[in-house]
Amino acid sequence: MIIKPKVRGFICTTAHPQGCAESVQEQIDYVKQHAGDQQGPKNVLVIGCSTGYGLASRITTAFSFGANTLGVMFEKEPTERKTATAGWYNTRAFEDKAAAAGLYAESLNMDAFSHEAKTAVIEKIKAHMGKVDLVVYSLASPRRKDPDSGEIYSSTLKPVGKEVTRKTLNTDSVQVHDITLPPATEEEIAGTIKVMGGADWELWMDALMQADVLSDQAKTTAYTYIGKSLTMPIYGEATIGKAKEDLDRAAKAITAKLQSGNGGDAYVSVLKAIVTQSSSAIPVMPLYISLLYRVMKDLGTHEGCIEQVNKLMTGELFGQGDLNLDEVGRIRVDLAELTDEVQHRVEALWDQVTTENLYELSDFSGYQKEFFKLFGFGFDGVDYDAETDPIV
Ligand code: NAD
């Protein structure tokens, strides 16, 4: 078939296998160019390994430290008539490139929230890795089935306490307009914490500790976003922010358990706002990111997914100096986004931006390019008019 992008709302429903492979290769090239000589983990488990920050974590640990990696993802396989999801193609490409570099890389396409996924991962670790030194928790999901009660919880993107009206950008129709989000109910807040909070991270770490598949002084990290005043009412102080606060609680609980066993630490790592499949679904974020990219590119401080994770792994978690922790004990690699200069410039543009001047004031064209690249479109080396087999 000839594979072209098909956008529905904030998602692209097709993906290009060769383009996704190019995207993985670009990230591998970046990591190799920036690899230092520090030691890192040798066996890594990445939960949410196929796109965005999780994929970048897998690529960084494999190609910077030479780590064997086991991944868990939730992706659609291709059929004769339908392409796979991008994460599926990314993962196939990653596994091939890791194998060519002599690294073990296997991925389980399973619901990470289930007991079955935890059991399957433990079996794989025992069979192929022995023990793991690092567990990266990088899930972003709209719902979670509780593995014990079977109850399904949904995550909601709503403010807490009062309704909020904010400028937003419909990336499909390219319209800047106001959106009013009603306050979340108690049930919606609780549901979001169940899905995006720390409960499942703790279940994973409990299962790995019980099975004795963590090495001495193993580390684990889960990812979060904090942001400042422009995004606070719809992120930091909203339902998703409440869920992310729960990660801080979970990090402390996990660290206590690790230290009463073979040692180790659990950290929440704060990363900057970037274009991913998940962030494009959050109201207000695409407009904020388009303006942020414009400002940070102008200032020469722009970073994407792989740059952020490379900084986290080689500069912080496995860096030579002390960790850059905040008052809550979180690792901060998002600080360049939060400087007064960046935030003031974004705020000034925010007040002026309209549908008419969007391309002029913001980096929405850069946003769009990156969005399409998430699905394997827009790479120079790929012939998008060529007949392509969706089954890789
Ligand atoms: P993403 O959508 O690119 O990746 C989500 C990953 O989770 C994919 O690998 C997907 O397959 C996997 N997944 C989802 N549901 C699953 C399930 N039930 N079972 C197994 N795998 C499942 O998202 P992302 O933006 O990279 O987000 C990853 C983490 O980083 C999230 O915690 C997010 O809050 C955080 N973060 C994101 C940003 C940002 O701007 N995108 C900024 C800071 C922190």
Side-chain angles (χ1 to χ4, degrees), residues 10-12 15 20 23 27 45-59 71-77 84-91 94 107-114 116-118 120-121 136-147 152-155 157 192 195-198 200-201 203-204 221-227 231 235-236 238-241 243-247 250 268-282 284-286 288-290 292-293 303-306 308-309 312 330-334 337-338 367 370-371 373-375:
F10 48 74
I11 195 84
C12 179
C20 289
S23 158
Q27 297 188 59
L45 168 63
V46 183
I47 303 157
C49 67
S50 52
T51 54
Y53 275 133
L55 174 64
S57 306
R58 196 173 193 187
I59 292 173
V72 186
M73 62 182 182
F74 206 48
E75 301 292 346
K76 282 211 178 82
E77 292 191 18
T85 47
W88 200 88
Y89 290 135
N90 289 339
T91 301
F94 172 83
S107 318
L108 299 174
N109 196 11
M110 294 179 85
D111 178 9
F113 297 126
S114 67
E116 290 79 7
K118 291 164 181 91
V121 158
V136 175
Y137 190 83
S138 185
L139 285 190
S141 174
R143 64 192 67 80
R144 167 175 174 229
K145 184 173 174 187
D146 184 291
I152 294 173
Y153 295 100
S154 293
S155 117
L157 297 161
T192 310
V195 181
M196 289 298 286
D200 183 57
W201 184 25
L203 289 180
W204 269 102
T221 186
Y223 295 150
T224 194
Y225 177 71
I226 294 181
T231 54
Y235 199 102
T239 45
I240 180 75
K244 295 295 191 180
E245 275 169 25
D246 189 57
L247 288 179
V268 173
S269 299
V270 192
L271 302 168
K272 78 180 276 286
I274 53 155
V275 184
T276 66
Q277 293 188 38
S278 296
S279 68
S280 58
I282 303 177
V284 182
M285 279 316 251
Y288 172 76
I289 292 174
S290 301
L292 180 73
Y293 276 24
E303 284 181 336
C305 197
I306 194 70
Q308 279 277 289
V309 172
L312 170 68
R330 296 174 292 220
I331 300 176
R332 302 302 294 254
V333 279
D334 62 329
E337 171 184 341
L338 303 183
Y367 180 101
E370 258 187 53
F371 177 80
K373 284 175 88 173
L374 297 177
F375 303 92

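In listed order, ligands and their atoms are each counted from 1.
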I'd like to check the side-chain contact (heavy atoms from CB on, under 4.5 Å) partners of A120; sequence neighbours left out, ordered by chain and number.
L108, M110
Who are the ring pair (Phe, Tyr, Trp, His ring centres under 6.0 Å) partners of F74, not counting sequence neighbours?
none
Under the side chain to side chain donor-acceptor pair (under 3.5 Å) criterion, do T91 and S107 qualify, and how do the steps go?
CA-CA 8 Å; T91 301; S107 318; 5.1 Å; no
Sub-3.5 Å donor-acceptor pair from the side chain of Y89 to the main-chain atoms of A84, do we have one?
yes
Residues lining ligand 1 [heavy-atom distance under 4.0 Å, listed by chain and residue number]
G48, C49, S50, T51, G52, Y53, M73, F74, E75, M110, D111, A112, F113, S138, L139, A140, S141, Y223, T224, Y225, Y235, K244, L271, K272, A273, I274, T276, S278, S279
Ion pair check, D200 and K118, cut-off under 4.0 Å
yes
Go through the structure and list residues passing ring pair (Phe, Tyr, Trp, His ring centres under 6.0 Å) with Y153, not counting sequence neighbours.
none
